[in-house]
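In this text the structure is predicted, and so the values were computed from the model without any measurement. All heavy atoms count here, side chains included; hydrogens, waters and symmetry mates do not. Every chain is numbered from 1, with letters handed out A, B, ... down the list of sequences.
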Amino acid sequence: MTFLFEKSLDEDINFLSAVWSQLNSDTANISAEMRGEKCQPYNPWHCLQMASKKPIENPLLTSMDYEKGSLITDPYQLNEMQELLTQQGKDITADIPVPPEEWPVMIDIARHRPDAISSFLEGRALLKASPFLDELYTNLIEFVVPLDREKPSGYDSNLARGVIFRTFPRGRTGLLAGFQLAHGLGHQVGMSLFSIDTIFKSDPKALIFYEVRHDKRTANHAFISTVALAFMTMFSHAIYGKGNNPYIEDEHVAGYAEYLPDALDAAIRSIEYSCELTDFGQQTMKGLSSLL
Amino acid sequence: MTEKTKPSKDFAKQLTSPTLKALLKKVDPRYITAHSMIDVSHAKA
């Protein structure tokens with residue numbers, strides 16, 4: 001049977017959704033206390049506000065109106081986000097290995113990139129092929145922010161829980177967008193697990209060899225990457241069937257391994273070889289292995 | 001965001017696993033936001 005944590009994927013959905021409900025509600029409360037204001041419904045920028053201990057003054061962001069799970073296309077909102085990312089929110093992109101100015105927010109997506117919007121919609125529709133990913137996306141993801149970069153990439157931060165920042169390069173298909181959304185959702189879920197358990201008994205900041213990329217990264221980075229790969233694998237299984245080795249031309253997906261579950265297997269091996277895990281960490285690894 | 005767009009189901013009540021119920025009680029947002037972790041997919045692709 002396939003599961004991530006215990007019993008079944010349905011139980012996992014309830015667990016993760018309950019964790020996020022609690023996290024979001026607590027974050028909104030702490031953020032409101034900090035501002036000395038009445039608690040508002042959760043907004044991802046509350047995380048940044050709480051971490052930086054500095055209120056975000058922009059009402060277009062603090063009272064942001066959006067459809068849950070949607071791609072943000074309003075140029076005014078996107079412009080304010082770009083401003084935020086270069087000022088108070090620069091910690092969100094602090095660790096990315098390329099200069100943040102190389103992938104700014106795509107402010108003019110509505111006017112100039114209808115293809116990117118279509119790619120997002122196609123990707124979101126494809127995600128429905130997996131009831132697990134579809135329900136988790138519906139429950140957890142607040143919105144997607146388009147980035148302006150002609151390479152498939154993106155980032156996700158616990159300073160903006162529920163936001164997926166992604167590029168939608170020209171000529172790429174909705175299939176790539178689906179993989180990108182699954183990947184971003186996996187990052188977000190992986191990061192959120194650290195709010196309930198340390199996952200590692202060994203040092204989570206120790207650099208370990210990550211076989212998938214043949215690089216060295218911290219143990220917790222490897223863990224979050226592994227959850228993202230697991231979600232991509234689930235997406236692939238939902239579209240093509242488990243056990244099939246689909247032909248996927250896009251190098252963003254094919255770049256991991258000829259067969260995606262092999263990359264997941266390598267990621268799990270990297271962690272199990274180098275790290276000592278808590279009981280919950282071990283249970284999660286067992287669950288991730290059940291996807292292979 | 002309007003309330004109608006938020007998930008309304010009480011997910012905690014749907015849980016049957018005692019282990020997961022116990023883990024739910026450990027949720028603390030301060031830990032996760034203090035932990036400035038960013039992950040990147042194919043940044044150099």
Side-chain angles (χ1 to χ4, degrees), chain A residues 5-7 11 13-15 17-19 21-24 26-27 30 41-43 47 50-51 64-68 91-98 138-139 142 151-159 161 180 183-184 187 190-192 194-197 220-221 224-225 228 251-252 255 280 283, chain B:
Chain A
F5 308 112
E6 218 175 285
K7 291 189 177 179
E11 182 83 351
I13 290 171
N14 287 328
F15 173 60
S17 302
V19 166
S21 290
Q22 187 68 47
L23 278 174
N24 291 353
D26 289 352
T27 304
I30 293 169
Y42 174 76
N43 167 321
C47 300
M50 190 171 77
M64 196 176 152
D65 189 27
Y66 56 91
E67 186 185 340
K68 198 165 185 301
D91 280 354
I92 290 176
T93 57
D95 294 341
I96 63 175
V98 291
T138 301
N139 294 345
E142 297 293 326
K151 289 177 181 176
S153 49
Y155 53 85
D156 305 285
S157 170
N158 55 23
L159 297 177
R161 186 176 53 253
Q180 289 259 54
H183 197 126
H187 281 161
M191 287 188 281
S192 71
F194 287 100
S195 70
I196 50 172
D197 190 84
N220 48 17
H221 185 169
I224 292 164
S225 304
E251 77 269 18
H252 174 74
F280 180 65
Q283 180 67 31
Chain B
M1 180 174 53
T2 56
E3 281 300 315
K4 67 180 178 183
T5 61
K6 293 176 81 70
S8 55
K9 197 169 154 189
D10 188 341
F11 300 105
K13 280 193 179 158
Q14 312 286 323
L15 279 176
T16 58
S17 156
T19 313
L20 297 184
K21 281 181 185 175
L23 279 167
L24 192 56
K25 291 184 181 157
K26 293 168 66 183
V27 168
D28 185 347
R30 277 165 293 210
Y31 180 71
I32 195 169
T33 45
H35 186 75
S36 185
M37 180 78 180
I38 295 170
D39 207 39
V40 181
S41 70
H42 282 252
K44 293 176 182 171

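- Smallest separation of non-hydrogen atoms from A:A18 and B:A12: CB-N, 3.7 Å.
- Closest approach of B:P29 to A:L23, counting heavy atoms only: CA-CD2, 3.5 Å.
- The two residues A:V19 and B:V27 come nearest to each other via the heavy atoms CG1-CG2, 4.0 Å.
- Smallest separation of non-hydrogen atoms from A:E11 and B:T16: OE2-N, 2.9 Å.
- Taking CG of B:L15 as the reference point, atom CD1 of A:I13 lies at 11.5 Å (rounded to 0.5 Å).
- Side chains of A:F15 and B:L23 form a contact here, defined as non-hydrogen atoms less than 4.5 Å apart.
- Between B:L24 and A:I196, the closest side-chain pair of non-hydrogen atoms is not below 4.5 Å.
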